[in-house]
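Beneath this line is the structure, given in structure tokens, with notes to follow.
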Amino acid sequence: GGPLGIGVTDSATLAAGFAPTGTLTFVLYAVNDATCATPLFTSDAIAVSGNGTYASTPAFVPPAVGTYRWRAFYGGDANNAAIAGACGAARESVAIAKVTPLLTTVATAGGAIGTAVGDQATLAGGAAPTGTLRFRLYGPDDLACANAARFTSAIVTVNGNGTYASTPAFTPAAAGTYRWRATYSGDASNAAVTGPCNDTGENVAIAQTVPVIATAASAGGAIGTALTDKATLSGGTAPTGAITFVLYGPGDATCAGAPVFTSAATAVNGNGAYTSTPAFVAGTAGVYRWRAFYGGDANNTAVGGACNDAGESATI
């Protein structure tokens with residue numbers, strides 16, 4: 001036997017006949033017909049010329065998965081009686097198995113948070129496959145696809161070999177690497193197939209968002225003036241984490257020296273404006289320079305202001 005689509009034949013050996021002539025005919029019975037009640041295929045009549053082994057012709061391609069049974073019939077001649085093989089005789093059963101289709105997959109490209117992603121699967125080598133395809137997305141950073149899928153597609157109906165796409169698209173809300181897996185359900189003629197985790201072309205990288213940080217220092221004044229800085233985050237993906245404000249003293253035009261003040265970490269809860277705390281009271285005259293640093297989080301990169309950014313100097 002073998003997979004669906006393979007051609008099958010039978011052979012019979014005549015022995016101890018008296019110079020037998022006549023013909024041999026081979027009959028194949030319907031799938032799972034255990035009593036050989038329903039013939040499915042009858043071979044050509046094979047001319048017999050003496051004792052020996054004779055093969056059926058032509059080959060026959062079974063139409064369905066299951067077990068088929070052959071019987072061989074010798075018609076006899078003037079000197080030899082007719083004889084037939086028994087139903088279910090040893091080595092006369094042929095098991096036809098399901099075809100295992102080839103499942104190849106390729107995901108759409110990744111990108112920043114907010115990028116819609118999808119997957120597509122191509123079935124090839126199946127026996128007129130029907131059934132369904134389902135696409136599952138794991139992650140982020142679920143290296144073995146061991147946790148519950150983050151997204152499961154709608155069921156996609158299969159109608160033959162070809163390429164099928166997941167639907168609807170999915171928009172990841174968090175950065176990291178996502179992994180697609182496609183599963184074909186199989187049908188009466190085709191085995192079920194699932195793509196492995198980390199299959200080639202099935203990983204999608206979603207990058208952190210790069211927020212914008214804009215800063216504005218409070219005005220300077222005489223010695224004793226309290227100084228603060230304000231940073232506004234925008235374009236982040238629900239940013240969390242913290243902002244820290246650093247103040248550099250007079251004469252440090254490149255912010256290369258040790259800061260004269262570092263604020264408390266200011267908790268971030270979304271895009272918006274945040275102010276340094278506590279205020280710093282300048283005790284020396286000169287130009288002070290602020291820098292603000294957002295530390296980032298799982299979905300947002302760290303960003304910081306540059307030394308001498310516009311609006312970040314205060315003159316005491």
Side-chain angles (χ1 to χ4, degrees), residues 1-13 24-46 53-73 84-106 119-136 144-145 149 152-166 179-202:
L4 196 64
I6 193 171
V8 298
T9 59
D10 193 24
S11 65
T13 299
L24 268 165
T25 303
F26 299 84
V27 178
L28 184 66
Y29 292 86
V31 63
N32 301 328
D33 180 2
T35 60
C36 302
T38 306
L40 177 65
F41 166 76
T42 301
S43 76
D44 296 341
I46 310 300
T53 299
Y54 300 87
S56 66
T57 186
F60 177 75
V61 179
V65 170
T67 300
Y68 296 79
R69 292 167 175 84
W70 284 104
R71 292 184 70 189
F73 296 84
C87 182
R91 297 185 299 176
E92 283 289 84
S93 294
V94 177
I96 298 299
K98 290 184 178 184
V99 173
T100 301
L102 178 64
L103 178 68
T104 56
T105 48
V106 58
D119 195 22
Q120 69 176 25
T122 299
L123 282 174
T130 58
T132 61
L133 274 163
R134 203 79 181 258
F135 299 85
R136 292 176 174 84
C145 305
T152 301
S153 75
I155 293 173
V156 179
T157 300
V158 171
N159 185 22
N161 295 304
T163 299
Y164 301 87
S166 64
R179 292 162 172 85
W180 284 104
R181 295 186 74 184
T183 297
Y184 168 57
S185 67
D187 60 17
S189 300
N190 297 273
V193 184
T194 297
C197 188
N198 292 300
D199 207 2
T200 302
E202 285 287 85

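Since this is a predicted model, take the numbers as computed values, not measurements. The first residue of the sequence shown is numbered 1, and numbering continues consecutively from there.
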Practice prompt. Please confirm whether the backbone N or O of A45 pairs with a side-chain atom of T25, one donor and one acceptor, at under 3.5 Å?
Written response: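 Side chain of T25 to backbone of A45, a donor-acceptor pair under 3.5 Å: no, none is there.
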
Discussion item. Whether the side chain of S11 engages the backbone of A55 through a donor-acceptor N/O pair (distance < 3.5 Å, no angle test) should be reported.
Written reply: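 No; zero donor-acceptor contacts below 3.5 Å.
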
Discussion item. Evaluate R69 against L28 for side chain to side chain contact (heavy atoms under 4.5 Å, CB included), listing each step before the verdict.
Written reply: CA-CA 6 Å; R69 292 167 175 84; L28 184 66; 5.8 Å; no

Worksheet item: What's the verdict on side chain to side chain contact (heavy atoms under 4.5 Å, CB included) for R136 and T183, showing C-alpha distance, side-chain angles and the deciding distance?
Response: CA-CA 8 Å; R136 292 176 174 84; T183 297; 4.1 Å; yes

Taking C-beta and beyond as the side chain, do [X] and [Y] meet within less than 4.5 Å on heavy atoms?
{"X": "D33", "Y": "Y68", "value": "no"}
{"X": "V8", "Y": "P62", "value": "yes"}
{"X": "T42", "Y": "F26", "value": "no"}
{"X": "V158", "Y": "T130", "value": "no"}

Closest approach of [X] to [Y] (non-hydrogen atoms, all atoms of both residues):
{"X": "W70", "Y": "T9", "result": "NE1-O, 3.5 Å"}
{"X": "C197", "Y": "R181", "result": "N-NE, 3.5 Å"}
{"X": "V65", "Y": "S189", "result": "CG2-CA, 4.0 Å"}
{"X": "L103", "Y": "A182", "result": "CD2-O, 3.5 Å"}

[atom1] of [X] to [atom2] of [Y]: how many Å apart, nearest 0.5 Å?
{"X": "S43", "Y": "F73", "atom1": "OG", "atom2": "CZ", "value": "10.5 Å"}
{"X": "S185", "Y": "R134", "atom1": "OG", "atom2": "CZ", "value": "10.5 Å"}
{"X": "S56", "Y": "D10", "atom1": "OG", "atom2": "CG", "value": "5.5 Å"}

All N/O donor-acceptor pairs, side-chain side in residues 86-100, below 3.5 Å, sequence neighbours left out:
unit_1 : atom_1 : unit_2 : atom_2 : d
K98    : NZ     : D187   : O      : 3.0

Worksheet entry | ring pair (Phe, Tyr, Trp, His ring centres under 6.0 Å) partners for F60, two or more places apart |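 Only F41 meet the ring pair (Phe, Tyr, Trp, His ring centres under 6.0 Å) criterion with F60.
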
Item to complete: Go through Y29 and T38 one step at a time and tell me if the side chain to side chain contact (heavy atoms under 4.5 Å, CB included) criterion holds.
Response: CA-CA 6 Å; Y29 292 86; T38 306; 5.5 Å; no

For residues 120-129, run the donor-acceptor check on the side chains, cut-off 3.5 Å, and write out each pair with its distance to 0.1 Å, sequence neighbours left out.
unit_1 : atom_1 : unit_2 : atom_2 : d
T122   : OG1    : T163   : OG1    : 2.8

Worksheet entry | Among V156, L133, T132, T194, side chain to side chain contact (heavy atoms under 4.5 Å, CB included) partner for Y184 |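 Among V156, L133, T132, T194, the one meeting side chain to side chain contact (heavy atoms under 4.5 Å, CB included) with Y184 is L133.
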
